[in-house]
Amino acid sequence: MTKQIHLAAQLPGIHNVTVWSDPRSRSQIAIGSFVHLARTAERGKFDFFFLAEGLRLREHKGSLYELDVAGRPDNLTMLSALSAATTRLGVAATVNATFNEPYEVARRLATLDHLSGGRTGWNVVTSFDAFTGENFRRGGFLAEADRYTRAAEFLATARELWDSWAEGDVLADAATGRFVRPGAGEFAHHGEHFDISGRFTTPRAPQGHPVIIQAGESDPGREFAASDAEVVFSKYNRLDEARAFYRDVKGRLARYGRSPADLRIMPTATVVVADTDEEATAYADEITRAQVSPQTAIAHLEAVWGRDLSAYDPDGPLPDIDPEPESLVLKGHSVFRTGRAETARRWRALAEERGLSIRELMIEVHGGQTFVGSPHTVADAIDHFVQSDGADGFVFATHLTPGGLDDFVDRVVPLLQEKGVHRPDYTGTTLRHHLGLAPRPRAERTSGNAREAS
Amino acid sequence: MTDSPLHLAVALDGAGWHPAAWRSEDARPGALFTPAYWADLVAEAERGLLDLVTFEDALGPQSAAPHRPDDRTDQVRGSLDAVLLASHLALRTTHIGLVPTVNVTHTEPFHVAVGIATLDHVSEGRAGLRPQIAARAADAAHFGRRTTPQLTDDDIRDPELIAARLRPLFAEATDVVEVARRLWDSWEDDAEIRDTATGRFLDRDKLHHIDFEGPYFSVRGPSITPRPPQGQPVVASLAHASTPYEFAARGCDVVFVTPRDRTGAKAILAQVDEAVDQVGRDVRDRPLRRFADLVVFLDDEPGAAARRKERLDALDGAEYTSDAAVFTGTPGELADLLLDWRTAGLDGFRLRPGALPHDLTALTRRLVPELQRRDAFRRTYGAGTLRARLGLPAPRNRYAQHG
């Protein structure tokens, strides 16, 4: 059966994806940039617009990291504004379950679902990161082993809060004088991480529960995705790896009484379109070289080597000194956290085998662009990737803010529509509908028993 | 026009401030949780050229008792997050200031600052923040990480007693506002350099750790959000007693006060001035705008507003009273009152419509033209941010080097 392709767009917040030096690159924070990208995605009948989160500016060798785009809005506040600039596009955000409390997160997401008319998605993440914790009351209290138990209980608690109001609890009957049903919003959750009770403020939202998104490649991450998520983001955008991940995660669903259709797997991807394949390839190289400037190449190497390498020539060979395994040069960045010694060994072997300079190596391992070619080439490649079960769709992070999606939407999307693998228009109003997910029925009010945190 | 322009704000809350307002004929109680309802109200306020709207909020449902939850089902219960609501309305409006209430007792100071900075970015300089402490102990159980003082029935008869019991929460709130302001300053205006020669997007010398350490929390910074368009969004607080006057004097740009008459207004403003002196604030440098809050029921026909309020009182089973004075009358009478009270030294008023949309529409379509006829209110929105409209000077960045 031909699968429908799910499409999402992301305004890249940090990392070296954004080529800010391009003269067409506009503000990373101005509302106009966000509106442009969101409206482009809506014109392309995308499922949703996504914003990642970072609650502390990155630091490199003890100073703020200067090379990449930085500065981002509060996700949900921005998406709430964008929900007024769009009518059908889903709006999804990463919201951290470590530096927030279930009551406020559940309330903000329920609010966004009301304001957007049922278009909200939530990428549930946790942080163990004491560096980010320095901006918050709780600090960096969370042991890494507790990450998924807290995330699972956080989500379970949020679900109890969303279920604390039934549909129809708002009577608003002026004749009888009944505004609410008695007991609306009552909840009690007594668990390992959260012990809370009282009344939830926000009536049941259009989707009941926002679409739950999860990202993470680890084994506990995959289990969490299989048990609780409706969309999974992955980094696997090469077909062989992606198919292995897809098979594995979809295979875990049955254990939780779910079917493969209950979960969409959407890798992050980039796309470069030009008139011909040759032009696109040349443009893609240009983009990648701009993304990995000489300074960026050294900085990435320093992040893995754990030491100052500013004396090295980016066009020269790799340093002959070994990495400093204990020192963390780059803070506030999820990459390079673990396995740095192993990464260094792999890079050294690759550089020696291919005779690559530092910058060439960084360009090589940076991965380049996912889909490159003429509109037909790109449409075929995306379709093939999805039909051969590498993914259910993609989240596109564009190298240009905010115009980076224009070509894709104007030139590739019509071809996907012609193939019958992408909707010619929205057929529903909610994100859950766009993704082809079943409505989530409301659980009966719990009376003080926490759901077992898995 | 008299010396300085009169400022008018409107406070939006549910179906209006009267607890039975949702049962009024033109109320839309079934739409309270839809964006269209709020968009219509704010569009109406903008039609009336009002300075700003505030949105009420709390981290627990509404209650007839100020200090604890109730079980009433005959009044509006349920609310949306005010920051997100204000942000949603930002793209549906162009001029009016948007000032959400934010609980600062249970919300992370970092999130408060970043949320309001974002609102300022999306509204292009129209954001405010109304910090509010959590006066209900029950709200703390929604978070489960601390307790807060339980006010008694005796406490709540006297604002001074309330404030005394909640004094530590005001001290903490003062720190939250201080942290928010430092975070707003933590990016200098020109921190983003996009210098292709050196490959640097940022100039790290123009970004600053705020390193706030206080008894309640510490925050390292800098903000994740670049400096908002206003530099410092407008901070406004509601105050009824000495401790909250002091809170306003330390950290706010606008204070909403609740006099019962002109003489009362004078007395309160004297107390506010005293608080300003006490904290050593130089108001020539950092002005504090003073607005009086009033609940208003407005009808053209004399006596009609009072009769309407009585009908609502009967539906609710109690006479509606408020922390603020309750006005019933005609738009002309209200204009008289505002211009009279103003001579006590007020900069403006925050009017709380008794019933929505009725009393808001009466404000925008009857009161405002009446004030304009008397040359006491603007006829167009000028360009500029909310700060500028309120006559608040452009803020200096505390971290920037001044040559």
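To find a chain, count down the sequence lines: A is the first, B the second, and so on, and within it residues start at 1.
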field: Interface moiety of A/Ser25 toward chain B, non-hydrogen atoms closer than 4.5 Å
entry: both
- request: Please look at B/Pro69 and chain A and tell me whether the side chain, the backbone, both or neither of the residue comes under 4.5 angstrom of a heavy atom of that chain.
  value: neither
message: At a heavy-atom distance under 4.5 Å, which candidate from B/Leu91, B/Asp139, B/Asp71 has the highest pair count against chain A?
response: B/Leu91
statement: Highest number of heavy-atom pairs under 4.5 Å with chain B among A/Gly54, A/Ala175, A/Gly133 belongs to A/Gly54
message: Under a 4.5 Å cutoff for heavy-atom pairs, which residue among B/Gly60, B/Ser79, B/Ser24 has the most contacts with chain A?
response: B/Ser79
message: For A/Thr296, which atoms come within 4.5 Å of any heavy atom of chain B: side chain, backbone, both, or neither?
response: neither
statement: Most contact-rich option vs chain A, by heavy-atom pairs under 4.5 angstrom, among B/Arg28, B/Arg92, B/His209, is B/His209
message: With a 4.5 angstrom heavy-atom cut-off, is it the side chain or the backbone of A/Ser293 that approaches chain B, or both, or neither?
response: neither
task: Please determine, by modelled atom types, if A/Asn100 and B/Glu108 share a side-chain donor-acceptor pair under 3.5 angstrom.
output: no
query: For the candidates A/Ser21, A/Pro206, A/Gly117, A/Ser83, which exhibits the highest count of non-hydrogen atom pairs separated by less than 4.5 Å from chain B?
result: A/Ser83
- line: Assert top hit (heavy-atom pairs under 4.5 Å, partner chain A, pool B/Asp74, B/Leu84, B/Leu202) equals B/Leu84
message: Is A/Glu134 in contact with chain B via its backbone, its side chain, both, or neither, using a 4.5 Å heavy-atom distance?
response: both
Side chain, backbone, both or neither of B/Glu124 within contact of chain A (heavy atoms, under 4.5 Å): side chain
message: If we count only N and O atoms by modelled type, under 3.5 Å, do the side chains of A/Asn16 and A/Gln291 hold a donor and an acceptor together?
response: no
task: Determine, step by step, whether A/Thr86 and A/Arg119 satisfy the side-chain hydrogen bond (donor to acceptor under 3.5 Å, both in side chains) criterion, reporting the C-alpha distance in whole Å, the side-chain angles of both residues, the deciding distance to 0.1 Å, and the verdict.
output: CA-CA 10 Å; A/Thr86 53; A/Arg119 297 187 273 143; 2.9 Å; yes
- prompt: Roughly how far apart are B/Trp184 CH2 and B/Gln230 CD, rounded to 0.5 Å?
  reply: 9.0 Å
message: Taking the side chain as everything from C-beta on, heavy atoms only, tell me whether A/Leu79 gets closer than 4.5 Å to A/Leu112.
response: yes
Segment of A/Leu55 engaging chain B (4.5 angstrom heavy-atom cut-off): both
- prompt: If you count heavy-atom pairs under 4.5 Å between each of A/Asp68, A/Leu171, A/Leu82, A/Thr176 and chain B, which one has the most?
  reply: A/Asp68
field: chain B contact via A/Glu104 - which portion, at a heavy-atom distance below 4.5 Å
entry: both
- prompt: Given a strict heavy-atom distance threshold of 4.5 Å, which part of A/Asp195 is in contact with chain B: side chain, backbone, both, or neither?
  reply: backbone
- request: Please determine, by modelled atom types, if A/His300 and A/Gln295 share a side-chain donor-acceptor pair under 3.5 angstrom.
  value: no
- prompt: Is chain B contacted by the side chain of A/Glu53, its backbone, both, or neither, given a heavy-atom distance below 4.5 Å?
  reply: neither
query: Relative to the ring of B/His18, is the ring of B/Tyr320 parallel (under 30°), tilted (30 to 60°) or perpendicular (over 60°)?
result: tilted
- prompt: Tell me, side chain or backbone of B/Asp316 under 4.5 Å from chain A's heavy atoms, or both, or neither?
  reply: neither
- request: Decide yes or no on side-chain contact (heavy atoms from CB on, under 4.5 Å) for B/Val114 and B/Ile224, but give the supporting numbers first.
  value: CA-CA 7 Å; B/Val114 165; B/Ile224 55 168; 3.9 Å; yes
B/His111 ring center near A/Phe136 ring center (under 6.0 Å): yes
query: Taking atom CZ of B/Arg145 as the centre, does the number of heavy atoms from other residues, nucleotides or ligands within less than 6.0 Å exceed 12?
result: yes
- prompt: B/Ala141 versus chain A, heavy atoms under 4.5 Å apart: side chain, backbone, both or neither?
  reply: both
- prompt: Using a distance-only test with no angle check, is there a side-chain donor-acceptor pair under 3.5 angstrom linking B/His95 and B/Glu46?
  reply: no
- prompt: Can A/Asp113 and A/Gln207 be counted as having a side-chain donor-acceptor contact under 3.5 angstrom?
  reply: yes
- request: Tell me, for A/Ala110 versus chain B, whether the close heavy atoms (under 4.5 Å) come from the side chain, the backbone, both or neither.
  value: neither
message: Quick check for you: among B/Asp57, B/Leu183, B/Ile116, B/Ile210, which has the greatest number of heavy-atom pairs under 4.5 Å with chain A?
response: B/Asp57
task: Please report the C-alpha distance between B/Ile96 and B/Val42 in whole Å, then the side-chain angles of each, then the deciding distance to 0.1 Å, and finally whether the side-chain contact (heavy atoms from CB on, under 4.5 Å) criterion is met.
output: CA-CA 8 Å; B/Ile96 198 160; B/Val42 180; 3.8 Å; yes
field: Proximal component of A/Phe34, with respect to chain B [non-hydrogen, under 4.5 Å]
entry: neither
Heavy-atom contact with chain A under 4.5 Å, split by part of B/Phe201: both
statement: From the list A/Val170, A/Val180, A/Asn135, A/Asp173, the residue making the most non-hydrogen contacts under 4.5 Å with chain B is A/Asn135
task: For chain B, find which of A/Ser63, A/Ala81, A/Gly198 contributes the most heavy-atom pairs closer than 4.5 angstrom.
output: A/Ala81
task: Go through the steps for B/Gln62 and B/Val76 under the test side-chain contact (heavy atoms from CB on, under 4.5 Å), then give the verdict.
output: CA-CA 7 Å; B/Gln62 300 89 332; B/Val76 170; 4.0 Å; yes
- request: Report, as yes or no, whether the 6.0 Å neighbourhood of atom CD on B/Gln150 holds more than 12 heavy atoms from other residues, nucleotides or ligands.
  value: yes
Ring centre gap for B/His142 and A/Phe200 strictly below 6.0 Å: no
query: Which bit of B/Thr107 is near chain A, if near means a heavy-atom gap under 4.5 Å: side chain, backbone, both or neither?
result: both
field: Toward chain A, the part of B/Ala113 with a non-hydrogen atom under 4.5 Å
entry: neither
- request: Any chance you could lay out the side-chain contact (heavy atoms from CB on, under 4.5 Å) test for B/Asp203 and B/Ile193, step after step, and finish with the verdict?
  value: CA-CA 6 Å; B/Asp203 177 355; B/Ile193 52 170; 3.9 Å; yes
- prompt: So among B/Arg194, B/Lys206, B/Arg200, which one has a salt bridge (charged side-chain N to carboxylate O under 4.0 Å, His left out) with A/Glu66?
  reply: B/Arg200
- prompt: Out of A/Phe154, A/Tyr103, A/Phe187, which residue meets the ring pair (Phe, Tyr, Trp, His ring centres under 6.0 Å) rule with A/Phe194?
  reply: A/Phe154
Contacts of residues 69-78 of chain A with chain B (heavy atom under 4.5 Å): A/Val69, A/Ala70, A/Gly71, A/Arg72, A/Pro73, A/Asp74, A/Leu76, A/Thr77, A/Met78
message: Taking B/Asn103's backbone N and O only, do any of them form a donor-acceptor pair with B/Gln132's side chain (distance below 3.5 Å, no angle check)?
response: no
statement: Looking only at A/Thr202, A/Val35, A/Ile29, A/Thr18, the option with the highest number of non-hydrogen pairs under 4.5 Å against chain B is A/Ile29
message: Side chains of A/Thr429 and A/Arg88: any donor to acceptor distance under 3.5 Å?
response: no
message: Taking side chain as everything from C-beta outward and backbone as N, CA, C, O, which of these in B/Trp38 sits under 4.5 Å from a heavy atom of chain A? Side chain, backbone, both or neither.
response: neither
query: At a heavy-atom separation under 4.5 Å, does B/Ala58 approach chain A through its side chain, its backbone, both, or neither?
result: backbone
field: Choice from B/Thr34, B/Thr198, B/Val83 maximising heavy atom contacts with chain A below 4.5 Å
entry: B/Thr198
- line: If one checks every heavy atom of B/Arg146 against chain A at 4.5 Å, the contacting part turns out to be side chain
